[in-house]
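Comments concern the structure below.
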Amino acid sequence: MNINKLILSFLCTICLFAVSCGNEEPEIYPIRFNQNDYTIRVGVRANISFVDGGGMYDLTASNPDVLGKFYIDNDAHSLIVVPASIGESTLTITDVKTNSSVTLRFVVEDFYLSFRVDEIDGKNYNPYLTVGCEIRFIRDEDNTKRLKIYNLNHITHKTYKVAEGVFEIEKSETNIFTLNTALHHNPTEELETFSYTMGGDGEYLNLFDKIFEYNWDKGIASKSQPVKHIEMILTNQLNDCKISCSLQPF
């Protein structure tokens, strides 16, 4: 009889231990981001993912007029920033449950359309354009239609500027669009000019029209269904060299 009581007491102890272990809350780790420095575009929503975190946060910007709207999307584990103007600002995120904070640094640039050069078919006389480079068509406050070209450093995985200048798009009476550019490595050098006939999917022309206020007449875009890959083909007017580019996500 005593043995049965001993066994019963032992089983009760095990059950109580199991229940107490089951009630333990999982350990909470402070919110963490992949990096602390970000360069984003004015007016374009930035989604910055994070890991861990307690779920309750206080956000403080050093320059809220630059960062505009910002908040945490807990469901998507993302920090959302919709910057309102160009400039710089820090954003301090305090994790309330873990009593910790992290400070992110933001540089907000002018808005730009980004195209990646995917292929060059023929003799390329433009020394600034290579396969893999990024062409940024920039819209600033004065709409001066600036242009910058970047390459990727495959060791550091960071982009670096190889050329800058200005651009203009001309439209003929027969709906032929021509891209005229003037580029140099730096402002101490003379500008080199290059002209290209623009082809490919007409959807990108709608973007140029709306963003850079060309006020072209309607019907310039492709009538096909929306496509995920928007291609722009620049054809050198001198030798028919074709430079195929794809629009990069905002």
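Excluded from the calculations below are hydrogen atoms, water molecules and symmetry mates; all remaining heavy atoms, backbone and side chain alike, are included. The first residue in the sequence is number 1, and the count goes up from there.
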Practice task
Tell me whether the guanidinium CZ or amine NZ of Lys242 lies under 6.0 angstrom from the six-membered ring centre of Tyr196 and within 45° of its axis.
Solution key: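 No cation-pi geometry.
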Exercise for the section: Take Leu183 and Leu147 through the side chain to side chain contact (heavy atoms under 4.5 Å, CB included) test and state the conclusion after the steps. Expected result: CA-CA 8 Å; Leu183 297 165; Leu147 182 70; 3.6 Å; yes
Backbone of [Y] reached by a side-chain donor or acceptor of [X] within 3.5 Å:
{"X": "Ser78", "Y": "Ala76", "result": "yes"}
{"X": "Asp52", "Y": "Ile31", "result": "no"}
{"X": "His184", "Y": "Glu189", "result": "yes"}
{"X": "Asp95", "Y": "Gly54", "result": "yes"}
{"X": "Asp142", "Y": "Thr144", "result": "no"}
{"X": "Asp140", "Y": "Lys145", "result": "no"}

Problem - Sub-4.5 Å side-chain heavy-atom contact between Phe106 and Leu91 - result: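 SC-SC contact between Phe106 and Leu91 confirmed.
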Exercise for the section: Report yes if the side chains of Asn36 and Val102 come closer than 4.5 Å at any heavy-atom pair, otherwise no. Expected result: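 Yes; the side chains approach each other to less than 4.5 Å.
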Please round to the nearest 0.5 Å and tell me the distance separating atom [atom1] of [X] and atom [atom2] of [Y].
{"X": "Leu59", "Y": "Leu79", "atom1": "CG", "atom2": "CG", "value": "6.5 Å"}
{"X": "Ser244", "Y": "Ile233", "atom1": "OG", "atom2": "CD1", "value": "4.5 Å"}
{"X": "Tyr125", "Y": "Leu238", "atom1": "OH", "atom2": "CG", "value": "8.5 Å"}
{"X": "Ser49", "Y": "Arg32", "atom1": "OG", "atom2": "CZ", "value": "11.5 Å"}
{"X": "Cys241", "Y": "Leu129", "atom1": "SG", "atom2": "CG", "value": "9.0 Å"}
{"X": "Cys133", "Y": "Lys161", "atom1": "SG", "atom2": "NZ", "value": "14.5 Å"}

Exercise for the section: Give me the one residue out of Leu179, Leu207, Ile211 that meets side-chain contact (heavy atoms from CB on, under 4.5 Å) with Phe137. Expected result: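 For Phe137, the side-chain contact (heavy atoms from CB on, under 4.5 Å) check succeeds only for Leu179.
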Handout entry: Check against side chain to side chain donor-acceptor pair (under 3.5 Å), Thr197 and Thr235
Key = CA-CA 5 Å; Thr197 301; Thr235 302; over 6 Å; no
Exercise for the section: Applying ring-ring contact (aromatic ring centres under 6.0 Å, His included), run through Tyr214 and Phe177 and close with a yes or a no. Expected result: CA-CA 12 Å; Tyr214 277 105; Phe177 292 84; 8.8 Å; no
Out of curiosity, does [Y] fall in the hydrophobic cluster containing [X] (side-chain heavy atoms, cut-off under 4.5 Å, transitive links)?
{"X": "Val108", "Y": "Val82", "value": "no"}
{"X": "Val44", "Y": "Ile40", "value": "yes"}
{"X": "Leu152", "Y": "Ile243", "value": "no"}
{"X": "Ile80", "Y": "Val66", "value": "no"}

Is a side-chain donor-acceptor pair under 3.5 Å present for [Y] with [X]?
{"X": "Lys210", "Y": "Asn206", "result": "no"}
{"X": "Thr92", "Y": "Thr103", "result": "yes"}
{"X": "Thr94", "Y": "Ser101", "result": "no"}
{"X": "Tyr150", "Y": "Glu164", "result": "no"}
{"X": "Tyr128", "Y": "Glu192", "result": "yes"}

Handout entry: Ion pair check, Arg139 and Asp110, cut-off under 4.0 Å
Key =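 Looking at Asp110 together with Arg139, the answer is no, because their closest N to O distance does not fall below 4.0 Å.
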Exercise for the section: Start with the C-alpha distance between Thr159 and Asn151, add both sets of side-chain angles, then the distance that settles side chain to side chain contact (heavy atoms under 4.5 Å, CB included), and finish with yes or no. Expected result: CA-CA 5 Å; Thr159 58; Asn151 270 337; over 6 Å; no
Practice task
State yes or no: are the ring centers of Phe167 and Phe194 separated by less than 6.0 Å?
Solution key: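 Ring-ring flag for Phe167/Phe194: false, centres at least 6.0 Å apart.
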Problem - salt bridge (charged side-chain N to carboxylate O under 4.0 Å, His left out) contacts touching residues 66-81 (sequence neighbours left out) - result: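 Of all non-adjacent pairs touching residues 66-81, none passes salt bridge (charged side-chain N to carboxylate O under 4.0 Å, His left out).
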Exercise for the section: Can you run down the salt bridge (charged side-chain N to carboxylate O under 4.0 Å, His left out) pairs that involve residues 97-109, sequence neighbours left out, and say none if there aren't any? Expected result: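 Applying salt bridge (charged side-chain N to carboxylate O under 4.0 Å, His left out) to every pair that reaches into residues 97-109, excluding sequence neighbours, yields Asp37-Arg105, Glu109-Arg136.
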Between [X] and [Y], which heavy-atom pair has the shortest distance, and what is it?
{"X": "Ser195", "Y": "Asn180", "answer": "OG-OD1, 2.7 Å"}
{"X": "Cys245", "Y": "Leu234", "answer": "SG-CD1, 4.4 Å"}
{"X": "Ser246", "Y": "His229", "answer": "CB-CE1, 3.1 Å"}
{"X": "Thr98", "Y": "Ser100", "answer": "OG1-OG, 2.8 Å"}
{"X": "His185", "Y": "Val162", "answer": "ND1-O, 2.8 Å"}
{"X": "Ser89", "Y": "Ala61", "answer": "OG-CB, 4.1 Å"}

Decide if atom [atom1] of [X] counts as having more than 12 heavy atoms of other residues, nucleotides or ligands within a radius under 6.0 Å.
{"X": "Gln35", "atom1": "CD", "result": "yes"}
{"X": "Asn153", "atom1": "CG", "result": "yes"}
{"X": "Tyr29", "atom1": "OH", "result": "no"}

Exercise for the section: Sort out for me which residue in Gln248, Arg41, Glu134 forms a side-chain hydrogen bond (donor to acceptor under 3.5 Å, both in side chains) with Ser114. Expected result: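 That would be Glu134.
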Practice task
Give me the ring orientation class for Phe115 and Phe208: parallel if the planes are under 30° apart, tilted from 30 to 60°, perpendicular past 60°.
Solution key: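 Parallel, since the angle between the ring planes stays under 30°.
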Problem - Side-chain cluster (under 4.5 Å, hydrophobic types only) that Ile138 belongs to, other residues - result: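 Tyr112, all in the cluster of Ile138.
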Practice task
Output the rest of the hydrophobic cluster of Val96: all Ile, Leu, Val, Met, Phe, Trp and Tyr residues reachable through side-chain heavy-atom contacts under 4.5 Å, sorted by chain and number.
Solution key: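 Met56, which link up through side-chain heavy atoms under 4.5 Å apart, make up the rest of the cluster.
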Exercise for the section: Output every pair passing ring pair (Phe, Tyr, Trp, His ring centres under 6.0 Å) with a member in residues 51-103, not counting sequence neighbours, ordered by first then second residue. Expected result: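 As it turns out, the ring pair (Phe, Tyr, Trp, His ring centres under 6.0 Å) pairs with a partner in residues 51-103, which skip direct neighbours, are Phe50-His77.
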Problem - Intermediate values then yes/no, side chain to side chain contact (heavy atoms under 4.5 Å, CB included), Lys148 and Ile135 - result: CA-CA 6 Å; Lys148 292 184 180 180; Ile135 308 173; over 6 Å; no
Problem - Those residues that, when tested against Asp65, pass salt bridge (Lys or Arg N to Asp or Glu O under 4.0 Å) (two or more places apart) - result: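 Salt bridge (Lys or Arg N to Asp or Glu O under 4.0 Å) list for Asp65, sorted by chain: empty.
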Exercise for the section: Carefully, step by step, assess Met232 and Ile230 under the rule side chain to side chain contact (heavy atoms under 4.5 Å, CB included). Expected result: CA-CA 7 Å; Met232 176 176 70; Ile230 297 179; over 6 Å; no
